[in-house]
Amino acid sequence: MSTIKRAAEIKPAPLGGAIVRNSVKSHASDPVVLKKAEEAKAFFKKAGFPKGK
């Protein structure tokens, strides 16, 4: 029986360990992500950023 070797690197992160893999797909062209990004841009254009940020 063959086994599949999976390589993942665990890097320290401020809130815990992060698992980093080369095979993670990009969400750059995901329609849901694009819609949320456009909604966020419109909100900040209308409301602005808090003072001091």
TODO: Please list, chain by chain and in numerical order, all residues satisfying ring-ring contact (aromatic ring centres under 6.0 Å, His included) with Phe43, sequence neighbours excluded.
DONE: none
N/O donor-acceptor pairs under 3.5 Å from side chains in residues 26-36, not counting sequence neighbours:
{"residue": "Ser26", "atom": "OG", "partner": "Ala28", "partner atom": "N", "Å": "3.1"}
{"residue": "Asp30", "atom": "OD1", "partner": "Val32", "partner atom": "N", "Å": "3.4"}

Open item on the list: Going by salt bridge (charged side-chain N to carboxylate O under 4.0 Å, His left out), name the residues that satisfy it together with Glu39, two or more places apart in sequence or in a different chain.
Closed with: none
